[in-house]
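Working notes for the structure below.
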Amino acid sequence: MVQAIVFLPLLGAILAGLISLFGAHARCPSGDTVEHHGDGHGHGTTDVNEDAGVIHASSHEPDAHDDHGRDDHHVAEPAAAGSRAAELITTGFLFVSAALSWATLVDVGFMHHDATVPLFPWIFSGDLQVSWALRVDTLTAVMLVVVTTVSSLVHLYSIGYMDEDPYRPRFFGYLSLFTFAMLMLVTADNLAQLFFGWEGVGLASYLLIGFWYQKPSANAAAIKAFVVNRVGDFGFALGIFAVFMMMNSIDLETIFHAAPGLAGKTIDFLGWQADAMTLICLLLFMGAMGKSAQFLLHTWLPDAMEGPTPVSALIHAATMVTAGVFMVARLSPLFELSPTAQSVVMFFGATTAFFAATVGLVQNDIKRIVAYSTCSQLGYMFVAMGAGAYSVGMFHLFTHAFFKALLFLGSGSVIYAMHHEQDIRNMGGLWRRIPYTFAVMCIGTLALTGFPLFAGYFSKDAIIESAYASQNPVSTYAYVLTVVAAGLTSFYSWRLMFKTFFGEPHDREHYEAAHESPLWMLIPIGVLAAGSILSGFPFRELFVGHGVEEFFRESVKMNPHILDDMEKMPAALGSLPFVMMVIGAFVSYIFYIRRPYIPEQLAAEQPMLYQFLLNKWYFDELYDLIFVRPAKWIGRFLWKFGDGYIIDGFGPDGVSARVLDVTRNVVKIQTGYLYHYAFAMLIGVAGLITWFMFGAGGQ
């Protein structure tokens, strides 16, 4: 069964790719390619921030109805029947995978039928023995459910959202390829196989973020995501090398059994005698920081919004950014042996949760607000991992997948209704025009902010409790920052809702034309809205309660005391996240409903703070100064001086050029006239006689 779950998306991707390949040669009956005219609506625009009058650039999602903002050009459009076939094949396969994944969760989680399914030998080189196998335990089953459920709904949603894009088969092929890579990652039985899936999701994200490759901003965002992730992946690869060096294997079961034997051993790393297990875990976590957009390696995630909205939902809810969290949970037997590494994980998680929440306060692009929310929520998950409460972190990953996919796809429905306007300052009053989208977005917001009985309430509050109960040296730091981040999350989430759905319309023309999305888009967000409620309380006992040990068994190695210590938390401190959530929502209501002049006034009074947050703590500018400009300077120096002046100057333009000049002049002497040769011989004879007279004769 697991083979079908994993390989059906791959089969769908191959078939969609073939349809796209053959469809690219589709012609009109006249033999001409189909012509599409765009009006350039999808390019970046300049807008003015109403809070402070600050002008800044923003990028708007291209309009499906104007050929995604491309300039006038000719494209070969696949036949409509072929496009529909690609959509239905890939979506159908994903729904089959999702159904089988839920069956697998029941079979593995409750019936305890763990399995390892060998496929074929892969690498046999000396001591490195790697076979391809699918590992199926509870941790895998949970991830299978998350990935296939969200991906299948994203596929269904995309049928409506991408209805007029001429390259739909290619898009659906990329989506299915993305899903396959993530499924390979979560079913990996060894680190090489995990790395294959790890790089596969990186490749697929590059293809999807840059799907509208006619937009320079989309290309730049795709390259940025790829390059930043290479930084993290370099550390991840070093971690795998270190595991093999110390344990002589990269098979998961083997390294889990060998890990306790590394106690007290060190590795000489750049002259530093580092504790072996700590160094291994830190290098592996470096990979997680890149994939899951943690503080310092987070800069690619907001720019990834340049891709179509369904791509954003898939990246943020089920695939790429959850890979780092899953990897830490999968390798929990290693991290449990290194308290120092756990402290680092918790520190970066808490810092990310707070940092991203502060930036989300002032963003105006509806998708970027939700993107920074993802960044912040991933920080929460890593806080739980650092506390040793791996099941709690996975619980938040599980619930977050539903309400974050809902918020992204709901945002896509808003963008669709507003003729692909993404700036919330140009919206307002939309609850009257799109009440269904408004209702499901409310459910997603309540789940995200941790309102009682909604999914996020059970998982996020449990993470904050785990931070408090942990014996980690940075536990107090993590507890304070996650509680503060809970208040900030509530503020910016309701700010998005108030400015989008309430108040007076700011763009009357688009407001009057706004309407609900097609059923292809409304059905998935309705299902996700149900999941944003039902994924919480019914699963709480399995992830956080007394059923954890029986449910997860050996798939994660928990801190043995963390769940008991969480129950001993003082009631006043336990209720603090709820209080912060209420305060955040109330302040947002005052700012954007009762007294909407306050934000503008605050921005004017605190311009430095406002600009600091609006510009995302200036990380992009800082990295540009530290890394990008020096790299460009070195490249330009090597190009102009090294290649142009040295190599070309002394090579093709130097010695070689002079040899050619000499030969050209010598060739001129060869005229073919006898008297020229006779004259040359006469000159030669005269020269010889002169030499004998004055040179040889003198001796």
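As the structure is a prediction and not an experimental result, all values here were calculated from the model.
Across all their heavy atoms, Ile463 and Ala384 have their closest contact at CG1-CB, 3.9 Å. Closest heavy-atom contact between Val130 and Phe124: O-CE1, 4.0 Å. Closest non-hydrogen pair, Val328 versus Ala288, comes out as CG2-CB, 4.2 Å. Between Val108 and Val136, the shortest heavy-atom contact is CG2-CG1, 3.7 Å. When all heavy atoms of Val345 and Gly386 are compared, the pair lying nearest together is CG1-N, 3.8 Å. Taking every heavy atom of both residues into account, Ser475 and Ala467 meet most closely at CB-O, 3.1 Å.
Annotation: Gln471, atom CD; neighbour count of heavy atoms from other residues, nucleotides and ligands within 6.0 Å does not exceed 12. Few gaps surround CD on Glu541; more than 12 heavy atoms of other groups in view lie less than 6.0 Å from it. Around the CZ atom of Phe234, the shell of radius 6.0 Å holds no more than 12 heavy atoms that belong to other residues, nucleotides or ligands. The 12-atom threshold is exceeded at CD of Glu621, counting heavy atoms of other residues, nucleotides or ligands nearer than 6.0 Å. Heavy-atom contacts from other residues, nucleotides or ligands closer than 6.0 Å to OH of Tyr206 number 12 or fewer. Within 6.0 Å of OH on Tyr457 lie no more than 12 heavy atoms contributed by other residues, nucleotides or ligands. Counting non-hydrogen atoms of neighbouring residues, nucleotides and ligands closer than 6.0 angstrom, the CD atom of Gln3 exceeds 12 such neighbours.
Using bins of under 30°, 30° to 60° and over 60° for the plane-to-plane angle, the ring pair Phe543/Phe552 lands in the perpendicular bin. Between Phe285 and Phe348, the two ring planes are tilted [angle within 30° to 60°]. Taking the six-membered ring where tryptophan is involved, the planes of Phe355 and Tyr372 are perpendicular, since the angle between them exceeds 60° and thus also 30°. Aromatic ring orientation, Phe619 versus Phe295: perpendicular (interplanar angle above 60°, classes split at 30° and 60°).
Note: Gln342 CD to Ser332 OG = 9.5 Å, rounded to the nearest 0.5 Å. Here the straight-line distance linking atom OG of Ser205 with atom CG of Asn229 works out to 6.0 Å at 0.5 Å rounding. Separating the OG1 atom in Thr352 from the CZ atom in Phe382 is a distance of 8.5 Å, to the nearest 0.5 Å. The distance from atom NZ of Lys291 to atom CG of Leu297, rounded to the nearest 0.5 Å, is 11.0 Å. The structure places CE of Met580 at 9.5 Å from CD1 of Ile464, a figure rounded to the nearest 0.5 Å. Going from atom CD of Glu554 over to atom OG1 of Thr138 covers 10.5 Å, rounded to the nearest 0.5 Å.
Side-chain N or O atoms of Ser125 include none that pairs as donor or acceptor with a backbone N or O of Leu128 at under 3.5 Å. No donor-acceptor distance shorter than 3.5 angstrom exists from the side chain of Ser535 to the backbone of Ser532, with no hydrogens or angles considered. In terms of modelled atom types and a separation under 3.5 Å, the side chain of Thr374 and the main chain of Val370 share a donor-acceptor contact. Trp122 places no side-chain N or O within 3.5 Å of a backbone atom of Gln129 that could act as its donor or acceptor partner. A donor-acceptor pair under 3.5 Å is absent between the side-chain atoms of Thr187 and the main chain of Arg135, judged by distance alone. When atom types are taken as modelled, the side chain of Ser470 and the backbone of Asn472 share a donor-acceptor pair closer than 3.5 angstrom. Under the 3.5 Å distance criterion, the side-chain polar atoms of Gln294 are matched with a main-chain donor or acceptor of Ser292. A donor-acceptor pair under 3.5 Å links the side-chain atoms of Ser152 to the main chain of Thr149, judged by distance alone. When atom types are taken as modelled, the side chain of His298 and the backbone of Leu296 share a donor-acceptor pair closer than 3.5 angstrom. Under the 3.5 Å distance criterion, the side-chain polar atoms of Asp107 are left unmatched by any main-chain donor or acceptor of His112.
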_Criterion side-chain contact (heavy atoms from CB on, under 4.5 Å) on Leu337 and Leu262, from CA distance to verdict_ = CA-CA 9 Å; Leu337 296 172; Leu262 291 186; over 6 Å; no
*Take Leu8 and Leu94 through the test side-chain contact (heavy atoms from CB on, under 4.5 Å) and record every step on the way to the result.*
CA-CA 7 Å; Leu8 276 177; Leu94 256 299; over 6 Å; no
*side-chain contact (heavy atoms from CB on, under 4.5 Å) between Met558 and Ser391: does it pass, once the steps are laid out?*
CA-CA 8 Å; Met558 293 277 289; Ser391 69; 3.3 Å; yes
*asked:* If you apply the rule side-chain contact (heavy atoms from CB on, under 4.5 Å), what do you find for Val484 with Leu488, and how did you get there?
replied: CA-CA 6 Å; Val484 173; Leu488 299 178; 4.2 Å; yes
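At least one side-chain heavy atom of Met245 sits less than 4.5 Å from a side-chain heavy atom of Ile267. Between Leu139 and Phe326 there is a side-chain heavy-atom pair separated by less than 4.5 Å. The side-chain heavy atoms of Phe402 and Val146, taken from C-beta on, include no pair separated by under 4.5 Å. When side chains are defined from C-beta on, Ile209 counts as touching Ile315, because their heavy atoms get closer than 4.5 Å. The side-chain heavy atoms of Met381 and His400, taken from C-beta on, include a pair separated by under 4.5 Å. In this structure, the side chains of Pro9 and Ser97 come closer than 4.5 Å at one or more pairs of heavy atoms. Leu279 is listed as a side-chain neighbour of Leu283, based on a closest heavy-atom distance under 4.5 Å. Residues Met385 and Met394 are in side-chain contact: their nearest non-hydrogen atoms beyond the backbone lie under 4.5 Å apart.
The closest side-chain donor-acceptor pair between Thr148 and Trp102, if any, does not fall under 3.5 angstrom. With 3.5 Å as the limit, one finds a donor-acceptor pair spanning the side chains of Ser373 and Lys404. In summary, the side chains of Thr278 and Asp275 do present a donor paired with an acceptor at a separation below 3.5 Å, with no hydrogens or angles considered. Gln377 and His396 form a side-chain donor-acceptor contact under 3.5 Å, judged by distance and modelled atom types alone. Looking at Ser459 and Tyr380, their side chains never bring a donor and an acceptor atom within 3.5 Å of each other.
Taking the six-membered ring for Trp, Phe395 and Phe458 have ring centres at least 6.0 Å apart. The aromatic ring centres of Phe196 and Trp132 sit less than 6.0 Å apart.
No option in Val2, Ile5, Thr140 other than Val2 meets the side chain to side chain contact (heavy atoms under 4.5 Å, CB included) test with Leu134.
Between Asp624 and Lys632, no side-chain nitrogen of the basic residue sits less than 4.0 Å from a carboxylate oxygen of the acidic one, so the salt-bridge criterion is not met. Note on Arg553 versus Asp114: salt bridge recorded, some NZ/NE/NH1/NH2 to OD/OE distance being below 4.0 Å. For Asp303 and Arg368, the salt-bridge test passes: some basic side-chain N is under 4.0 Å from an acidic carboxylate O. Under the 4.0 Å criterion applied to side-chain N and carboxylate O atoms, Asp620 and Lys616 are assigned as salt-bridge partners.
Geometrically, Lys557 does not engage Tyr390 in a cation-pi contact, judged by NZ or CZ lying under 6.0 Å from the ring centre and within 45° of the ring axis. With Phe226 as the aromatic partner, Arg230 meets the cation-pi criteria of under 6.0 angstrom to the ring centre and within 45 degrees of the ring axis.
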